Number of protein chains: 2
Amino acid sequence: MGRRNQHSREQQREMAIAAAELILVREGFAGLSMRKVADAIGYTVGSLYLIFQNQDDLLATINERTTDAIYGHLRDAIEWQSEPLPRLQQLGAAYIEFAQTHPARFRMLFEHRLPPEMEPRTSSETRIRRMFELVESCVAPLMSAASPQQLRRAATTLWSGVHGIASLAISGKFKWAGDAEFRGYCDDLIGTYVAGLQQR
Amino acid sequence: MGRRNQHSREQQREMAIAAAELILVREGFAGLSMRKVADAIGYTVGSLYLIFQNQDDLLATINERTTDAIYGHLRDAIEWQSEPLPRLQQLGAAYIEFAQTHPARFRMLFEHRLPPEMEPRTSSETRIRRMFELVESCVAPLMSAASPQQLRRAATTLWSGVHGIASLAISGKFKWAGDAEFRGYCDDLIGTYVAGLQQR
DNA sequence: AGAAACTCTGAACGGCGTCCATTTGCGAAG
DNA sequence: CTTCGCAAATGGACGCCGTTCAGAGTTTCT
């Protein structure tokens, strides 16, 4: 066959990404292959390489969407909460909730690494910076007397900690007390850390 | 060829594990294959399946060694430090240090998941429990008035946080201030969290 | 010496990412 | 309406991968 032109490049791209995300959710990171994606959208493997540079390019694209999805989820979660501490705790809980609701996407976001010869994408870094500013904006009211450096430091520390809980929650490496306990650990981490902050 | 019996089963096992760890360090998780391991120890692929059930079995075995190595590293790191808070901070720093020194092994430990049909290994859980008790024993002097449940909770929360820092440190997803900053974030997390604990 | 038991091989299978010569069919030119 | 050029899509090839297993090779027992 030759040109069919049933779908524009952009349409194909969207179809491929959507199909890949579905496979990722259903079969996990390891089960996601270029061949399966091609099958799912009704094209052959070769065609995928007219849309994406290679598999890493496709995966990195999905990861960008995942970052956006997390950002949106966090943003929505704190909309109605204005009290500073519960707001920050809500933010943490939303992060963990996302990880538990979309474990395959969350895992791939942090486990997939671009090979060194592919230059990092500036768009990814922008998205991450944006998410980080959201965290900082929630920490700020709790340490009003702090310098920008101190604020940045506290936000980084705290968010790394929240990420650790989310990360271990979906790792399956530990038998935890209960599945619903993660929210508790998160509240504890944030609450106690902030208490420590304010004491200083 | 047939039986050569130059190496006992146990010797072969050790050789294979050592070779696999070397490949893991040199080429990363993705570059580690059964064929390369077999080549490295001078046997054919088929022979590896007389020693290990499958690749997951080999990887899980390596992960057990990694857990032991982390445990040993943590234990050594706090030996000379008896002051409670610095001791706990030293423990956290050692954890992050291990992750940075052996990123491939650390990553595989948390990223590799046994397929659901393989039953989890009791030995892995024992090792993890042992490591966790080490953490608890370092947290205990800092919250002497707490119940066992409170202690357990604080240790879990805190260690998840430390793990998050280690995890992000080697993820390469974020451009951090400086490579040596992780120790600072870790000290901050532990110091501030403990300050919060004692205030309550 | 011959048979039995054991060790190890090597080829085979299906799946993977990636590449590219070849084919197909659309749109423009005549 | 026909022809032609060229972009679009194919599909087979390559070299990897994990896994299996019939059979070849070696040792041990009788």
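A note on names: the letters A, B, ... follow the listed sequences, proteins ahead of strands, and every chain is numbered from 1. All of these numbers come straight from a predicted model, not from anything done at the bench.
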Take B:K36 and B:E27, measure what salt bridge (charged side-chain N to carboxylate O under 4.0 Å, His left out) needs, and give me the verdict at the end. CA-CA 11 Å; B:K36 284 182 191 169; B:E27 307 183 36; 2.7 Å; yes

Taking salt bridge (Lys or Arg N to Asp or Glu O under 4.0 Å) as the test, write out the residues that go with A:R152, two or more places apart. A:E136

Integer-rounded Å distance: [N] [atom2] and [X] [atom1]:
{"X": "A:Y43", "N": "C:dT24", "atom1": "OH", "atom2": "P", "answer": "17 Å"}
{"X": "A:L48", "N": "D:dT10", "atom1": "CG", "atom2": "C1'", "answer": "13 Å"}
{"X": "A:L50", "N": "D:dT10", "atom1": "CG", "atom2": "P", "answer": "9 Å"}

Keeping the roles fixed (side chain from B:S167, backbone from B:G164), state whether a donor-acceptor pair exists under 3.5 Å. no

Donor-acceptor contact present, side-chain A:S137 to main-chain A:L134, <3.5 Å: yes

Applying side chain to side chain donor-acceptor pair (under 3.5 Å) as the test, list every pair that has at least one member in residues 75-86 of chain A; sequence neighbours left out. A:Y71-A:R75

Can you sort out which residues in residues 19-29 of chain A have a heavy atom within less than 4.0 Å of DNA chain D? Ascending by number, please. none

Of A:T66, A:D68, A:T122, A:N63, which meets side chain to side chain donor-acceptor pair (under 3.5 Å) against A:R127? A:D68

By nearest atom, which of the nucleotides C:dG17, D:dT10, C:dC8 is closest to the A:S33 side chain? C:dG17

With the side chain of B:T44 defined as its heavy atoms from C-beta on, choose the nearest nucleotide among D:dT10, C:dT7, C:dT9. C:dT9

Using the C1' atoms of five pairs at each end, what's the angle between the two axes of the helix from C:dA1-D:dT30 to C:dG30-D:dC1, to 10 degrees? 30°

Using atom names, set out every protein N or O paired with an N or O of nucleotides 18-20 of chain C below 3.5 Å, distance rounded to 0.1 Å.
unit_1: C:dT18; atom_1: OP2; unit_2: A:Y49; atom_2: OH; d: 2.7
unit_1: C:dT18; atom_1: OP2; unit_2: A:Q55; atom_2: N; d: 2.7
unit_1: C:dT18; atom_1: O5'; unit_2: A:Y49; atom_2: OH; d: 3.4

For DNA chain C, which residues of residues 106-114 of chain B approach it to below 4.0 angstrom with any heavy atom? none

More than 12 heavy atoms of other residues, nucleotides or ligands under 6.0 Å from CZ of A:R130: is that the case? yes

Measure from the ring center of B:H163 to the ring center of B:F110 and say whether it is less than 6.0 Å. yes

